[in-house]
There are 2 protein chains.
Amino acid sequence: MTQRLVKAFLKPLQKEDSLNISGGKRGRITIHEVAAAAAVSISTASKALNDTGRMGAETRERVKRIAGEIGYRPNALARGLLSKRSFTIGLLTNDTYGRFTLPVMAGISDALVDHGVSVFLCAIEDDPALAQIHVDAMLDKQVDGIIATGKRLDRRLPVDLSNLHVPVVYAFTEGTQNSVTFRSDDEQGARLAVEWLAKIGRRRIAHITGPEDFFSVRERAGAYHEVAGHREPVLYGVWSESWGHEAVEKLWKRPGEKPDALFCGNDQIARGAADALRERGVKVPQDVSLIGFDNWEIVAAQTRPPLTTVDMELKELGRQAGLTVLALAEGRPVEPGVRKLPCRLIVRQSCGGRTSDDQGNEI
Amino acid sequence: MTQRLVKAFLKPLQKEDSLNISGGKRGRITIHEVAAAAAVSISTASKALNDTGRMGAETRERVKRIAGEIGYRPNALARGLLSKRSFTIGLLTNDTYGRFTLPVMAGISDALVDHGVSVFLCAIEDDPALAQIHVDAMLDKQVDGIIATGKRLDRRLPVDLSNLHVPVVYAFTEGTQNSVTFRSDDEQGARLAVEWLAKIGRRRIAHITGPEDFFSVRERAGAYHEVAGHREPVLYGVWSESWGHEAVEKLWKRPGEKPDALFCGNDQIARGAADALRERGVKVPQDVSLIGFDNWEIVAAQTRPPLTTVDMELKELGRQAGLTVLALAEGRPVEPGVRKLPCRLIVRQSCGGRTSDDQGNEI
DNA sequence: ACTACATGAGAAAACCTTTTCTCACTTGAC
DNA sequence: GTCAAGTGAGAAAAGGTTTTCTCATGTAGT
């Protein structure tokens, strides 16, 4: 007993000295210090702190207490080296504005912070070389998994992630054959919007949307046709306010009856449309109901009147992607395939009809 | 199966073997494999790969070649354990929209990716507990440094970073006494805007801006007064389009001469003002010149007409913050204090006067 | 009194690198 | 023919943890 104590005292002192001499940084408190302070061996200290192994309840408590008192925190590098788990994942994105990435990231982080997982965010523009550098850096750092996200479902990231030795989950962007992909159910979202317009009595619903080569555009347009029929045209264009503006001009210059509702492919288009309508003296929502897509707060909430819009629940999408990549990292089985998450209609004032109590104020 | 699931939940740190069964990770290639393949010792392999130590040029080349061939990549965890450098930094932010954080992050990443440094992004709303969890997680992972950023210069993050044993650099948010802080020079930016308006012949320049309790608001207003005098009032309000709209109403309802230029505290206010002016039949830029602040592309470029605005060069700010935290991590001396980075005027069509060739298309 | 076993705790290996130290061998000079 | 110096390469330690194995002690059973 005496001998152990002496030993325990000598050891940490030597340590401190050499560290102090050699470096500017103060030596971190390691499990050695804990063991010494509690007068037990390192192995006992480790087992006490991790609630593993066999030992007296009193010893366990004492070690834990002392560890807390001297502010011990385990070194994740050392731990990771042994356990092969770094409690770290990478988020790869080519969405420069962060409009889609940020909510996804928020969801991931939200889901994983409880598990002690931190997230590397890597924004690769559309640069394959940069992407490769980031992927290599993440792999070197032994990430437990990678989540790939982007601004478009039907565009691959400029780097191949299919043969990595870490699990990969795709969120909001296309994955490879046997991968797990989370995406929003654009069809259901569009149906939600158009059905709402129908329910509040609109009959001439036009659809102003983005470029037809976007998969999500075609899917939304498909759902629109299914619900609204083919009475009004679908106007394909670009994702900008000015296109929304221009599209309204086109529609209102046509001879014949005007639409009584516009379902727009994103909030920016809807905002442009709202402006154009106001300029023409067409009242929203009295004369025309307007619905956007994305629930990009900064656009939707600032439009006059504030936009009813379809929220893709990106945060929830991120949450699920995060939990899935974690499951894979832990070796739990996950079925590959595409999982569609339902969208939600956020009702604001641009629609008229009965105003829901749901005023949508996420993020 | 069920058993594995349970086990995985209970003991996330279990050994790799069980994961292999489920088709998980294959054994990584270590320096042992390289040494074996090249028929040298591990130490020789290490020295060859790192261009250190003494050895035959031919041996060095052979090791390098073989390492490349079998796809060896050093394990950053093991390396970090020894070198006390993880090549990892943390970015802490409370800016939920990412409007300021994303450009800063882009700059940091841009500057540090060449040095092999990856960035943990931690979005802490304004939640001290969450902040602490993230900081602890970063420290456990042995980050080489932390950059703190936020949406507001004069608001501290809800967590104390002053006594960490890793370097901390503040970007766009207030730091503690002896820290390094990077911020934009709002005074110079405001002066840039107002002087431009003066230069193109505007004499009655009004200033519509955000809440007076923002430090940056007061600084910009100060510079505005210095250059434009006190002929027109400063209208303090909130950071929204509707406030910009409302402020224009106020100004134009006043008796007497109207302003011939508006300098707005941010792009959203400017956009609201632009809308209000258009509705009143006031022509921008013919009758009134309009300047915003932030160069938030999504607002500034979509305004009709596109906004001339002040860019705070946040990406450059991030770049410098990144390089600084790296310098500190490497023990290079850095003077504490606040460094102001100059803003830049992005000239678009909302101002009139001679149009610069600088059409501003960052990010 | 002697075996069988349960219990508490420590020693040592392992994870993957880097670095320092040591060793064997060659070369040229006296 | 010996010595000094230089050269190429390997052995071993270190970094902080976790885990397996081993050991000593005490307790119960016959």
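Chain letters run A, B, ... following the sequence lines, proteins first and then strands; every chain starts at 1. Any value given below was found using the heavy atoms of this structure, including those in side chains, with hydrogens, waters and symmetry copies removed.
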Original post:
Rounded to the Å, how far apart are B:Asn75 CG and D:dG16 P?
Top reply: 16 Å
**OP:** Could you state the atom-to-atom distance from CE of B:Met55 to C1' of C:dA24 in whole Å?
**Re:** 16 Å
Subject >> Charged N-O contact under 4.0 Å between B:Glu69 and B:Arg65 >> reply: yes
Between [X] and [N], is there a contact of a side-chain N or O with OP1 or OP2 at under 4.0 Å?
X: A:Ser46; N: D:dT18; result: yes
X: B:Arg79; N: C:dT18; result: yes
X: B:Asn50; N: C:dT18; result: yes
X: B:Thr52; N: C:dT18; result: no
X: A:Ser41; N: C:dG10; result: yes
X: B:Lys84; N: D:dG16; result: yes
X: A:Thr44; N: C:dG10; result: yes

Subject >> Whichever of B:Leu81 and B:Ala45 has its nearest DNA chain D nucleotide further upstream toward 5' >> reply: B:Ala45
**OP:** Measure distances between side-chain N and O atoms of A:Ser43 and base N and O atoms of C:dA9, and say whether any donor-acceptor pair falls under 3.5 Å.
**Re:** no
Original post:
If you take atom types as modelled and just measure distance, does the side chain of A:Lys47 reach the base of C:dG8 with a donor-acceptor pair under 3.5 Å?
Top reply: no
Original post:
Pick one: which of B:Ile89, B:Leu91, B:Val143, B:Ile146 meets side-chain contact (heavy atoms from CB on, under 4.5 Å) with B:Phe120?
Top reply: B:Val143
Original post:
Only one of B:Val169, B:Ile147, B:Val104 clears side-chain contact (heavy atoms from CB on, under 4.5 Å) with B:Phe182; which?
Top reply: B:Val169
[X] near the nucleic acid: base, sugar-phosphate alone, or nothing, with a heavy-atom cut-off under 4.0 Å?
X: A:Arg73; answer: sugar-phosphate
X: B:Ile42; answer: base
X: B:Thr59; answer: sugar-phosphate

Subject >> Mutual orientation of the aromatic rings belonging to A:Phe100 and A:Phe172 [parallel < 30°, tilted 30-60°, perpendicular > 60°] >> reply: tilted
Original post:
For DNA chain C, whose closest nucleotide is more 5', that of B:Ala78 or that of A:Arg54?
Top reply: A:Arg54
